[in-house]
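Below, chains carry the letters A, B, ... as their sequence lines are ordered, and counting in each starts from 1. The shown structure was predicted, so the numbers you read here are calculated from the model rather than taken from an experiment.
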There are 2 protein chains.
Amino acid sequence: MPKSQKNALSAQDWAEAALDAIGRRGVEGVAVEPLARELGVTKGSFYWHFTNRDALLTAALARWEARETDEVLARVQQETDPRARIQRLVTEVNTSRRASRIYTALSSAGKPSFVREYVARVSRRRLQFLIDCYAALGLAPERARQWALQTYSVFLGSLQIRRDLPDEWPAAEDPAFADYVRFLMVSLLPPEAGADDHDSGDTVDTPADTARIVAQSRH
Amino acid sequence: MPKSQKNALSAQDWAEAALDAIGRRGVEGVAVEPLARELGVTKGSFYWHFTNRDALLTAALARWEARETDEVLARVQQETDPRARIQRLVTEVNTSRRASRIYTALSSAGKPSFVREYVARVSRRRLQFLIDCYAALGLAPERARQWALQTYSVFLGSLQIRRDLPDEWPAAEDPAFADYVRFLMVSLLPPEAGADDHDSGDTVDTPADTARIVAQSRH
DNA sequence: GTTTATCCATACGCCGCCGTATTGACAGAA
DNA sequence: TTCTGTCAATACGGCGGCGTATGGATAAAC
């Protein structure tokens, strides 16, 4: 049972290439023969690893789901303060352009219907994570849910704006970016931990954490 | 010069059908022959009205751009109070499911590259409209821009959530929907007209206007 | 009633992609 | 060396969509 020839491709290599193609050309752009050309092989290789194109998409989606739930949330959960977690999640918008494009492509894909299930699961876990963060701040369940929906909307909308109007969005190295993140945090964090309403009081932001987390945003 | 036969199709009919197909199947789903089947004709009709598929997409995009800028903004501009305009724009999310799907499909389309130009123009005009609204409230230009970006992010993100997680989103007839809109308005409206910062003070919402505008949201 | 312009049907060739079948190269086990 | 399992190349048939060519069909103009 030789496990690896010289430059043998694995199913994971194909799945990763498919994810790349999703990010660059959308789900419809995941075609077997062009993908094989990009990998320097022919279809003969593909149909040894997978039964058909849907199997490749399923593998790519499974890979994506695992990455976007366990890994990302685990990274954010390194923060202990719920406020820091929320802010970290917002700044994560600017971490990976590739991940953003993959998400928007998947979210708007219609053709293989099972794509929507993966997107729904990932979105649900992200939203639930935010709900838990706001609940940890002492908000009532419905209140936490409203805050989480608002924050997740800002998160997704930011992806969209960076895609549609890239020049209208402050670059990560621009000081206006840090300004904008601080501005957002005022709206996205309830004014007082344990309070149930948010239109009174101040002393909201923690500038030290803000600067630290913003500095972590790469690219 | 007979201007209309019995049941003759016009170029506008084709463009409208193309917009419908964009909303239902995405830009890639705009295919000449399936569209002709849906319209009860054959390709022979299409290639009389248009030179090729790109010309159809261009016509559909021009139609969409005119509708999403002049018409929508004119409708919102019926409101005189800038706060009411902003709230009206947010509630417009729930007005037309069709328009939402068309927008998200166009925004994530990659293949005909000129699609991005139309999307960019529409997004830019929407964002500028919001910036003007916040500037009309007396905010400094950079501040108005931050508020507008935040509000437009919420707007776009709401579209996305309603698409990915429709059951997590309150229905328009659900009282939770009006609650959520009121909640959003607290974050999306600066606390005091003429103020330059927004983390102090209260007396934000105007419940009468809120109820009136929410009631106008149809479907 | 012929003519003309408008609108559509039919038939064709082309290309890109899917999936299958078959064969081949190559590495380790025997 | 021979055998066997792993990975890939080649060749083939099929399908769906694009664009063209050509020939009706119909209604108005004259």
Side-chain angles (χ1 to χ4, degrees), chain A residues 1-61 105-106 109-115, chain B residues 1-61 105-106 109-115:
Chain A
M1 317 75 177
K3 218 38 185 302
S4 71
Q5 308 231 81
K6 282 270 285 275
N7 293 328
L9 260 56
S10 68
Q12 276 76 27
D13 294 331
W14 280 97
E16 200 57 44
L19 273 180
D20 244 82
I22 289 173
R24 285 185 289 110
R25 299 188 297 263
V27 175
E28 318 280 327
V30 180
V32 176
E33 284 157 301
L35 229 57
R37 280 192 290 271
E38 291 178 14
L39 290 174
V41 293
T42 62
K43 315 191 308 181
S45 169
F46 174 81
Y47 284 99
W48 191 90
H49 294 286
F50 298 92
T51 65
N52 53 19
R53 178 179 175 270
D54 277 8
L56 171 65
L57 286 177
T58 302
L61 285 169
L106 289 177
K111 278 208 10 192
S113 57
F114 56 86
V115 177
Chain B
M1 314 79 173
K3 218 40 186 300
S4 70
Q5 306 231 79
K6 284 265 290 271
N7 295 327
L9 261 55
S10 69
Q12 276 76 28
D13 295 331
W14 280 97
E16 201 56 43
L19 273 180
D20 244 82
I22 288 174
R24 286 186 287 111
R25 298 187 299 263
V27 175
E28 319 281 327
V30 180
V32 175
E33 284 159 290
L35 228 58
R37 280 193 290 272
E38 291 178 13
L39 290 174
V41 293
T42 63
K43 315 192 309 180
S45 170
F46 174 80
Y47 284 100
W48 191 90
H49 294 286
F50 298 92
T51 66
N52 53 18
R53 179 178 175 271
D54 276 9
L56 171 65
L57 287 177
T58 301
L61 285 169
L106 289 178
K111 279 209 5 195
S113 57
F114 56 86
V115 177

Chemist: Quick check: on DNA chain D, is the nucleotide nearest A:Ser10 upstream (toward 5') of the one nearest B:Asn52, or the reverse? Name the residue that is more 5'.
Modeler: A:Ser10
Chemist: Counting heavy atoms from C-beta on, name the nucleotide in C:dT6, D:dG17, D:dC7 closest to the side chain of B:Pro34.
Modeler: D:dG17
Chemist: Please work out which of the three classes, parallel, tilted or perpendicular, describes the rings of B:Trp14 and B:Phe46, given edges at 30° and 60°.
Modeler: perpendicular
Chemist: Nearest heavy atom decides the nucleotide; on that basis, is A:Val32 or B:Ser45 closer to the 5' end of DNA chain C?
Modeler: B:Ser45
Chemist: Should A:Val30 and A:Leu19 be marked as a side chain to side chain contact (heavy atoms under 4.5 Å, CB included) after you check the CA-CA gap, both sets of side-chain angles, and the distance that decides it?
Modeler: CA-CA 8 Å; A:Val30 180; A:Leu19 273 180; over 6 Å; no
Chemist: Measure CZ/A:Phe46 against C1'/C:dA21 and give the value in whole Å, please.
Modeler: 17 Å
Chemist: Can you check the B:Leu39 CG to C:dC7 C1' distance for me, whole Å?
Modeler: 14 Å
Chemist: For C:dG16 and A:Arg37 - does any side-chain N or O of the residue sit under 4.0 Å from the phosphate oxygens OP1/OP2?
Modeler: no
Chemist: Can you measure A:Lys111 atom NZ to C:dC18 atom C1' for me and round it to whole angstrom units?
Modeler: 11 Å
Chemist: Rounded to whole angstrom units, what separation is found between the CG atom of A:Asp13 and the P atom of D:dC7?
Modeler: 11 Å
Chemist: Would you indicate which nucleotide in C:dC8, D:dT10, D:dT20 comes nearest to any side-chain atom of B:Tyr47?
Modeler: D:dT20
Chemist: Strictly below 4.0 Å: does B:His49 bring a side-chain N or O up to OP1 or OP2 of C:dT6?
Modeler: no
Chemist: Nearest whole Å is fine: how far is D:dA8 P from A:Phe50 CZ?
Modeler: 12 Å
Chemist: Starting at CH2 of A:Trp48 and ending at C1' of C:dA25, how long is that distance when rounded to a whole Å?
Modeler: 15 Å
Chemist: A side-chain contact here means heavy atoms from C-beta on lying under 4.5 Å apart; do B:Leu61 and B:Phe114 qualify?
Modeler: yes
Chemist: What is the distance, to the nearest angstrom, from the CD atom on A:Glu28 to the P atom on C:dC18?
Modeler: 11 Å
Chemist: How many whole angstroms separate atom CG of A:Leu35 from atom P of C:dG16?
Modeler: 17 Å
Chemist: Considering only side-chain heavy atoms of B:Thr42, which listed nucleotide, C:dC18, C:dT10, C:dC7, is closest?
Modeler: C:dT10
Chemist: Which nucleotide wins on minimum distance to the side chain of A:Val41, given the candidates D:dA9, D:dT6, D:dG17?
Modeler: D:dA9
Chemist: Looking at C:dG16, I'd like to know if its phosphate oxygens (OP1 or OP2) sit under 4.0 Å from a side-chain N or O belonging to A:Arg53.
Modeler: no
Chemist: Identify the two heavy atoms, one from A:Arg53 and one from A:Val27, that lie closest to each other, and give their separation to 0.1 Å.
Modeler: NH2-O, 3.0 Å
Chemist: Less than 4.5 Å apart, side chain to side chain, heavy atoms only: is that true for B:Leu9 and B:Val41?
Modeler: yes
Chemist: Considering only side-chain heavy atoms of B:Glu33, which listed nucleotide, D:dG17, C:dC18, D:dC7, is closest?
Modeler: D:dG17
